Amino acid sequence: MSSVDPRELRNAFGEFTTGVTLVTTVGADGKAIGMTANSFSSVSLEPPMILWCIDKGSDRLSTFEESEHFAINVLAANHQDLSNRFAKKGEPFMDGVAHEIWETGCPVIADAVAIFDCDVAARHDAGDHIIYVGLVRRFGRSDNPEGPLVFHKGGYKSVS
Ligand SMILES: Cc1cc2nc3c(=O)[nH]c(=O)nc-3n(C[C@H](O)[C@H](O)[C@H](O)COP(=O)(O)O)c2cc1C
């Protein structure tokens, strides 16, 4: 048993300012889903690798487990509605969201500030989360003038 207080730990984690991503994939039924995540990190340049973490309690985990691909969309400041929508339980589907399809078949948001279209390179068990490591098949950046969506202490922040 850990003596760490989870609420205090969450608050301490929240001191680390992050961007916000929409992670997408396509289930075995062919339906695309999205999930808001700020656990994204760059990992390796050669080969090109990134990671993100998913809660084992997520209703969306089974869909990510079915797929060998995902796409990371680094959201812009004008994507707050998207972030909120895909952080809600029971609303995982990408219906009605304008998107493109790149190499892996996962939806990508054209005006995201950055996109990483990935094959699943590894899944690592890590406490109450699973670390997904992605091998980047294709990436891109947009010149969205809004700049990035920023998350700090449990809320959205502006960098401008
Ligand atoms: C800014 C933000 C960042 C989040 N980051 C993560 C994350 O990195 N990993 C994760 O599993 N859930 C994360 N969540 C929570 C999921 O978005 C949320 O649990 C999920 O989309 C809805 O629940 P479900 O997965 O059980 O359907 C985040 C939520 C917000 C608002």
Side-chain angles (χ1 to χ4, degrees), residues 2 4 6-44 49-99 104 106-109 111-136 139 144 146-160:
S2 163
V4 168
R7 193 161 3 134
E8 285 301 319
L9 182 61
R10 183 187 286 258
N11 291 342
F13 284 165
E15 295 291 350
F16 184 58
T17 305
T18 68
V20 181
T21 73
L22 178 67
V23 189
T24 62
T25 196
V26 181
D29 59 1
K31 290 216 48 139
I33 68 156
M35 175 163 179
T36 301
N38 68 343
S39 53
F40 168 80
S41 179
S42 57
V43 174
S44 165
M49 296 176 116
I50 58 88
L51 68 75
W52 72 288
C53 307
I54 184 167
D55 192 321
K56 287 180 183 172
S58 169
D59 295 340
R60 287 157 224 225
L61 177 59
S62 57
T63 309
F64 282 99
E65 283 182 328
E66 286 165 11
S67 175
E68 290 308 314
H69 314 281
F70 62 83
I72 298 278
N73 298 273
V74 180
L75 297 180
N78 58 309
H79 292 143
Q80 204 169 305
D81 288 352
L82 267 185
S83 175
N84 288 335
R85 170 173 164 181
F86 288 99
K88 285 201 185 89
K89 275 207 169 284
E91 295 183 27
F93 299 113
M94 290 288 288
D95 304 69
V97 178
H99 65 266
T104 69
C106 300
V108 301
I109 310 293
D111 65 341
V113 294
I115 295 166
F116 304 94
D117 193 24
C118 298
D119 294 333
V120 175
R123 294 171 169 92
H124 298 292
D125 189 86
D128 55 15
H129 279 62
I130 295 171
I131 302 168
Y132 269 73
V133 180
L135 179 68
V136 179
F139 69 95
N144 190 321
E146 298 280 337
L149 184 59
V150 173
F151 199 70
H152 180 230
K153 283 190 173 176
Y156 300 112
K157 297 282 174 340
S158 167
V159 285
S160 55

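Just follow the structure's listing: the first ligand is 1, and inside any ligand the first atom is 1. Because the structure is a prediction, the values reported are computed rather than measured. Values below: all heavy atoms of this structure, side chains included; hydrogens, waters and symmetry mates excluded.
Protein residues having a heavy atom under 4.0 Å from any atom of ligand 1 are Met35, Thr36, Ala37, Asn38, Ser39, Cys53, Ile54, Asp55, Ser58, Asp59, Arg60, Phe86, Ala87, Lys88, Lys89, Phe151, listed by chain and number.
Ring pair Phe116/Phe40 is parallel by interplanar angle, where below 30° counts as parallel and above 60° as perpendicular.
With respect to Pro92, the side-chain contact (heavy atoms from CB on, under 4.5 Å) criterion is satisfied by exactly one of Ile33, Thr25, Thr24: Ile33. Only one option out of Ile50, Asp117, Asp119, Ile54 pairs with Phe70 in a side-chain contact (heavy atoms from CB on, under 4.5 Å); it is Ile50.
Residues Asp95 and Lys31 meet the side-chain proximity criterion, which asks for heavy atoms closer than 4.5 Å.
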Is there a ring pair (Phe, Tyr, Trp, His ring centres under 6.0 Å) between Phe64 and Trp52 once you walk through the steps?
-> CA-CA 12 Å; Phe64 282 99; Trp52 72 288; 5.0 Å; yes

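Rounded to the nearest 0.5 angstrom, Arg123 CZ and Cys53 SG are separated by 13.5 Å.
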